[in-house]
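Working notes, structure below.
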Amino acid sequence: MHDADQIEVQTETRGDAVIVRPIGDIDLSRAPHLREQLSEALREAEARLVINLDDVPYMDSSGVATLVETMQMCRKSGKKLVLCQLQDRVRSIFEIARLDMVFTIVETTDEAINAG
Amino acid sequence: MHDADQIEVQTETRGDAVIVRPIGDIDLSRAPHLREQLSEALREAEARLVINLDDVPYMDSSGVATLVETMQMCRKSGKKLVLCQLQDRVRSIFEIARLDMVFTIVETTDEAINAG
Amino acid sequence: MNDVASSPHLRLEMLSQARLLSAARSMVGNFAQRLGFNEVECGQISLAVDEALCNIINHGYEKRDDGRIWLNVWGLEGERPGIRVMIEDVARQVEPDQIKSRDLDDVRPGGLGVFIIHEIMDEVKYDKREQGGMRLTMVKYLSSDSRPSSSSNETRHEESSHSGKGNTDHA
Amino acid sequence: MNDVASSPHLRLEMLSQARLLSAARSMVGNFAQRLGFNEVECGQISLAVDEALCNIINHGYEKRDDGRIWLNVWGLEGERPGIRVMIEDVARQVEPDQIKSRDLDDVRPGGLGVFIIHEIMDEVKYDKREQGGMRLTMVKYLSSDSRPSSSSNETRHEESSHSGKGNTDHA
Ligand SMILES: Nc1ncnc2c1ncn2[C@@H]1O[C@H](COP(=O)(O)OP(=O)(O)O)[C@@H](O)[C@H]1O
Ligand SMILES: Nc1ncnc2c1ncn2[C@@H]1O[C@H](COP(=O)(O)OP(=O)(O)O)[C@@H](O)[C@H]1O
């Protein structure tokens with residue numbers, strides 16, 4: 001069961017942006033590992049961190065907390081954070097937590113790369 | 001909970017074939033309702049009953065038993081039964097039960113309409 | 001079956017381990033689906049249960065992984081069909097009125113779980129158990145939005161779609 | 001955690017109702033996924049559990065819907081990681097050697113469940129419980145096929161894919 005707390009993350013660099021794509025549910029057990037992965041990606045990103053949530057069918061408030069933390073780290077380092085490709089179930093938690101207006105959320109990865 | 005034992009089934013008539021498309025898991029709770037739906041479809045089918053399993057992510061041996069029964073009814077009435085679009089998980093139970101050779105199983109609905 | 005005093009349809013005893021959350025919430029989400037909740041609602045019910053379990057792990061058992069949690073689930077029938085979830089622990093007791101989320105305007109990590117639970121569920125009640133530990137009871141009712149069709153909750157395209165006893169005599 | 005005598009990670013008490021099967025098997029399938037079984041294996045483990053529960057409902061409790069079933073699940077670690085499932089009931093007792101499927105060459109509806117269970121699981125054992133009822137114990141081990149990657153079990157395309165502690169120091 002030693003791997004159950006890890007989350008697979010695909011990363012890709014495009015210009016001054018790093019695109020991170022976590023795969024699978026993000027909950028209390030995996031949020032800490034995602035946090036590590038995101039701060040690593042943020043270090044590598046020159047100007048922009050894009051989180052593609054296409055392959056995240058589920059997220060709980062630990063996942064949301066991790067993203068809020070990442071947003072704060074982005075602000076500190078003067079980089080931009082954009083979320084894209086949210087599934088309906090995941091979008092619903094952002095709405096419930098009234099965070100849909102706090103994060104920059106767009107549809108596609110391309111929009112995320114270009115979002116102002 | 002009165003609907004939990006029912007399974008949604010889409011039916012379509014194409015020439016002398018009736019195509020039946022159950023939606024959802026087929027297990028002990030839903031097999032009886034599927035059985036009703038299939039025998040009804042078989043009555044309507046002139047020569048061929050096609051069961052499209054595209055939207056069946058899971059089937060247990062009660063589901064398989066229902067299909068074996070339907071196959072026997074088809075034989076009695078001189079009609080042909082073809083299964084198509086099995087998902088991997090469902091194909092795996094046919095293989096385990098050594099029924100993959102007993103049923104006519106093809107890839108697409110079009111093949112199912114034409115299979116000899 | 002509808003009697004609140006009757007035994008639950010499902011009663012899961014689990015350890016206070018985050019890695020067990022996904023099994024627990026998938027059980028509840030799946031049961032909710034069978035009760036007729038639509039896909040988004042099933043996700044939300046799973047989320048409410050997940051948040052409640054996270055809080056027991058984090059606050060009740062203070063991240064110990066050998067605490068015990070009991071997750072009881074009933075399908076409600078009759079006039080107001082829905083789902084009832086009762087979660088019990090033998091962890092630290094707190095005053096029920098101390099269990100509340102922070103102000104949402106103050107955006108910072110954490111502090112959302114209890115708010116989310118209240119947003120999703122129609123009834124939420126925390127009690128101190130006499131035998132020690134806490135009890136959370138939550139109910140969500142089926143609404144008119146819950147059932148786009150009698151047995152599937154996805155929106156369906158093309159073709160004739162029939163299901164249910166009402167249709168079986170049209171042959 | 002690995003000790004067979006230790007308490008299960010998940011212990012589900014359920015009624016002998018077919019409509020509860022999907023919640024029970026989704027719990028087990030989901031837990032199996034977290035243990036590292038691949039998608040087809042998770043489906044098969046769910047199926048073995050489902051078949052065992054069907055048999056208890058149909059044969060043990062003879063379709064009564066108020067019988068009780070206990071589904072215990074352990075994640076096995078150590079040298080031979082895997083999943084262990086123990087299912088208990090207080091239903092009719094039968095001799096363990098009477099629990100067997102029909103000849104597969106005789107194609108007819110039914111009579112496949114026990115065969116399927118044996119095909120899927122690595123160890124299968126039926127016992128009469130001293131307190132009455134039956135006990136089925138099943139184990140399936142992780143194999144080298146189980147883990148295409150350390151945390152996801154789907155085959156992934158394009159892009160660099162990294163996960164796990166081994167990679168975190170490459171920044
Ligand atoms: N099961 C519980 N046992 C003890 N205290 C709890 C429990 N659930 C919630 N609380 C209290 O309520 C507060 C708010 O919880 P929540 O909104 O989930 O945010 P967070 O868990 O991130 O602090 C917690 O900080 C804690 O003090
Ligand atoms: N839990 C059980 N309690 C009593 N008898 C059982 C149980 N499980 C299996 N059996 C016996 O084993 C036989 C074979 O079971 P199975 O292969 O699942 O086929 P089927 O259930 O379709 O008969 C059953 O017919 C029954 O006699």
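Throughout, protein chains are lettered first and strands after them, A, B, ... in sequence-line order, and every chain is numbered starting at 1. Every value quoted in this text rests on a predicted model; they were computed, and no experiment measured them.
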Note to self: With a 6.0 Å cut-off (strictly less than), is the heavy-atom count around CZ of A:R48, excluding the residue itself, greater than 12?
What the structure shows: yes
Check: Heavy-atom distance under 4.5 Å to chain C: side chain of A:Q72, backbone, both or neither?
Finding: side chain
Checklist line | Straight-line distance of C:E51 CD to A:L28 CG, nearest 0.5 Å | finding: 9.0 Å
Next item on the list: Under 4.5 Å heavy-atom distance to chain C, tell me which part of A:M59 shows up: side chain, backbone, both or neither.
Entry: backbone
Notebook entry, point to check: Under the side chain to side chain contact (heavy atoms under 4.5 Å, CB included) criterion, do C:E119 and A:E95 qualify, and how do the steps go?
Noted result: CA-CA 11 Å; C:E119 283 286 299; A:E95 286 166 3; over 6 Å; no
Checklist line | Gap separating the CG atom of C:L47 from the CD1 atom of A:I93, nearest 0.5 angstrom | finding: 4.5 Å
Checklist line | Side chain, backbone, both or neither of A:V90 within contact of chain C (heavy atoms, under 4.5 Å) | finding: neither
Note to self: How about CG on A:D88, more than 12 heavy atoms from neighbouring residues, nucleotides or ligands closer than 6.0 Å, or not?
What the structure shows: no
Margin query: If we define contacts as heavy-atom pairs under 4.5 Å, which of A:P57, A:S29, A:S62 has the most with chain C?
Written below: A:S29
Next item on the list: Output the distance between atom CG (C:L21) and atom CG (A:D27), rounded to the nearest 0.5 Å.
Entry: 5.5 Å
Next item on the list: Report the option among C:D50, C:I57, C:L112 that has the most heavy-atom pairs separated by less than 4.5 Å from atoms of chain A.
Entry: C:D50
Margin query: I'd like to know whether CD of C:E130 has more than 12 heavy-atom contacts from other residues, nucleotides or ligands below 6.0 angstrom.
Written below: no
Notebook entry, point to check: Given a strict heavy-atom distance threshold of 4.5 Å, which part of C:N58 is in contact with chain A: side chain, backbone, both, or neither?
Noted result: side chain
Next item on the list: Let me know if A:L99 has heavy atoms under 4.5 Å from chain C in its side chain, its backbone, both or neither.
Entry: side chain
Item checked: Distance (rounded to the nearest 0.5 Å) between A:S61 OG and C:N55 CG -> 7.0 Å
Notebook entry, point to check: Distance from A:I96 atom CD1 to C:Q44 atom CD, nearest 0.5 Å?
Noted result: 4.5 Å
Note to self: Heavy-atom count check: over 12 atoms from other residues, nucleotides or ligands less than 6.0 Å from C:K128 NZ?
What the structure shows: yes
Notebook entry, point to check: Between A:A65, A:A97, A:S92, which residue shows the highest count of heavy-atom pairs closer than 4.5 Å to chain C?
Noted result: A:A65
Item checked: Atom pair CG/CD1 of A:D60 and C:I116 - distance to nearest 0.5 Å -> 8.0 Å
Next item on the list: State whether the number of non-hydrogen atoms from other residues, nucleotides or ligands found under 6.0 Å of A:R75 atom CZ is greater than 12.
Entry: no
Item checked: Proximal component of C:I120, with respect to chain A [non-hydrogen, under 4.5 Å] -> side chain
Notebook entry, point to check: Is atom CD of C:Q131 surrounded by more than 12 heavy atoms (other residues, nucleotides or ligands) closer than 6.0 Å?
Noted result: yes
Next item on the list: Measure C:R108 against the heavy atoms of chain A and call it side chain, backbone, both or neither at under 4.5 Å.
Entry: both
